[in-house]
Amino acid sequence: MPELPEVETTRRGIAPHIKHRTVTELVVRQSKLRWPVPSELHEVLPGQPVLSVERRAKYLLIEFASGTLLVHLGMSGSLRLVSVEQEANKHDHVDICFDNDMALRLHDPRRFGAVLWQPQGETHSLLASLGPEPLTDAFTAEHLAACAKGRRSAIKTFIMDNHVVVGVGNIYANEALYAAGIDPRRQAGRISAARLARLVDEIKTVLARAIAQGGTTLKDFVGGDGKPGYFAQQLNVYGRAGEPCPGCGRALSEVRLGQRATVFCSHCQR
DNA sequence: CTAAGGACCTGTCGGC
DNA sequence: TGCCGACAGGTCCTTA
């Protein structure tokens, strides 16, 4: 569910509560997530203090001295902190229990999420070939233009490719392309450098604004503090097919690209 | 190499 | 009210 802003919001929500806390126990009620939860975690985690909580793409990285716990929320995952006494609900698959009797609880109905282990000094294969973080200086107009050269796939599909740039999910791909005035169906390699530069700016702006607002309000998310709900954010096109374009008033169109809902204004986006 | 499609899984919603 | 298909914020893996 979460797009990058929701993952970042989750990171910020949980980090202060688990940093420097020591793991006492790992409870796995359902080990069949996207990949099996490694059984070695039961031996590896207890007794270790959390050094920090980072993020790479949509992976949360919980750092320990002997390695890093990777947590991905998939489509429907959420994390919240609960008392270890708190009874588990349906789809509460994993608890990481801490020495203050709180547990970081992973809830994930669709089980597209993952909990994986990366030993110290190694890079997990899932993190090995990721593109730059969109909100850092590593994501530049030059980089996007170089990647786009010769590529015939639709620009929307292209910016959702993790090798090009990470963290651009379906909602924000739609929003960034609208903001940049680019037709999502246009071939990536046939867009001018200037327009790609604009797109880089809009991706950064859209994601940064969503993070500032605490993520998009969508029903599955539960805030890191346990407060239900996302945060109100106005989306210009996503989920608004048929409604008037905020710019010109014409009805927004919807097509399917790579099996994903794609909403745009055929007048404002070229 | 690129591009397209299937796969994983549950819940919800609209239509008949 | 009940059943069925379509769809949902992700992304890896296989196939052409």
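Chain A is the first sequence line, chain B the second, and so forth, proteins listed ahead of strands; every chain is numbered from 1.
The partner of B:dG11 is C:dC7, judged by Watson-Crick or G-U wobble contacts that both fall below 3.5 Å. When both distances must be under 3.5 Å, the Watson-Crick or G-U wobble mate of B:dA4 is C:dT14.
Between A:Leu33 atom CG and C:dG10 atom C1' there is a gap of 14 Å when expressed in whole angstrom units. Protein atom CH2 of A:Trp35 is 17 Å distant from nucleotide atom P of B:dA7, rounded to whole Å. To the nearest angstrom, P of B:dC9 lies 17 Å from NE2 of A:His72. The distance between atom NE2 of A:His163 and atom P of C:dT11, rounded to the nearest whole Å, is 11 Å. Going from atom CD of A:Glu6 over to atom P of C:dA8 covers 17 Å, rounded to whole Å. Rounded to whole Å, the distance from CG on A:Leu207 to P on C:dG9 is 16 Å. Note: CE (A:Met160) to C1' (C:dG9) measures 9 Å, nearest angstrom. Atoms CD (A:Glu8) and C1' (C:dG9) sit 17 Å apart, rounded to a whole Å.
Checking the phosphate oxygens (OP1, OP2) of B:dT10, no side-chain nitrogen or oxygen of A:His91 falls inside 4.0 Å. For the OP1/OP2 pair of C:dG10 and a distance below 4.0 Å, the side-chain nitrogens and oxygens of A:Arg260 include at least one atom meeting the criterion. Taking 4.0 angstrom as the limit, A:Tyr172 places none of its side-chain polar atoms (N or O) nearer than this to OP1 or OP2 of C:dG9. Remark: A:Tyr59 is in phosphate contact with C:dC12, judged by side-chain N or O atoms under 4.0 Å from OP1 or OP2. For A:Lys58, a side-chain nitrogen or oxygen approaches OP1 or OP2 of C:dT11 to under 4.0 Å. The side chain of A:Ser76 places no N or O atom within less than 4.0 Å of a non-bridging phosphate oxygen (OP1 or OP2) of B:dT10. Between A:Arg256 and the phosphate of C:dA8, there is a side-chain N or O to OP1/OP2 separation shorter than 4.0 Å.
With centroids closer than 5.5 Å and planes inclined by less than 30 degrees as the test, A:Phe112 and the base of B:dC8 pass as a stacked pair.
Residue A:Glu85 qualifies as open at atom CD: its count of foreign heavy atoms under 6.0 Å is 12 or below. Within a 6.0 Å sphere centred on CD of A:Glu87, heavy atoms belonging to other residues, nucleotides or ligands number 12 at most.
If you check distances only, the side chain of A:Arg111 never reaches the base of B:dC9 with a donor-acceptor pair under 3.5 Å. Not a single donor-acceptor pair, N or O on each side, falls under 3.5 Å between the base of B:dA3 and the side chain of A:Arg152.
In this pair, A:Phe64 and A:Trp117 present their aromatic rings tilted. The plane angle is within the 30 to 60° band.
Look at the C1' atom in both C:dG9 and B:dA3: the space between them is 23 Å, to the nearest Å. Only the P atoms considered, B:dG5 is 15 Å distant from C:dC7, to the nearest whole Å.
When each of A:Ala154 and A:Lys90 is assigned the nucleotide of DNA chain B bearing its nearest heavy atom, the one mapping closer to the 5' terminus is A:Ala154. Between A:Ser153 and A:Lys32, the one whose closest nucleotide on DNA chain B sits nearer the 5' end is A:Ser153.
With respect to the salt-bridge test (charged N to carboxylate O, under 4.0 angstrom), the residues A:Glu254 and A:Arg240 do not qualify. A salt bridge does not link A:Asp137 to A:Lys204: none of the charged nitrogens lies less than 4.0 Å from a carboxylate oxygen.
When heavy atoms are screened at a 4.0 angstrom cut-off, A:Arg34 is found touching base atoms of the nucleic acid.
Using modelled atom types, one finds no donor on one side chain facing an acceptor on the other under 3.5 Å when comparing A:Arg29 with A:His93.
Side chain of A:Gln259, nearest nucleotide from B:dG6, C:dG10, C:dA8: B:dG6.
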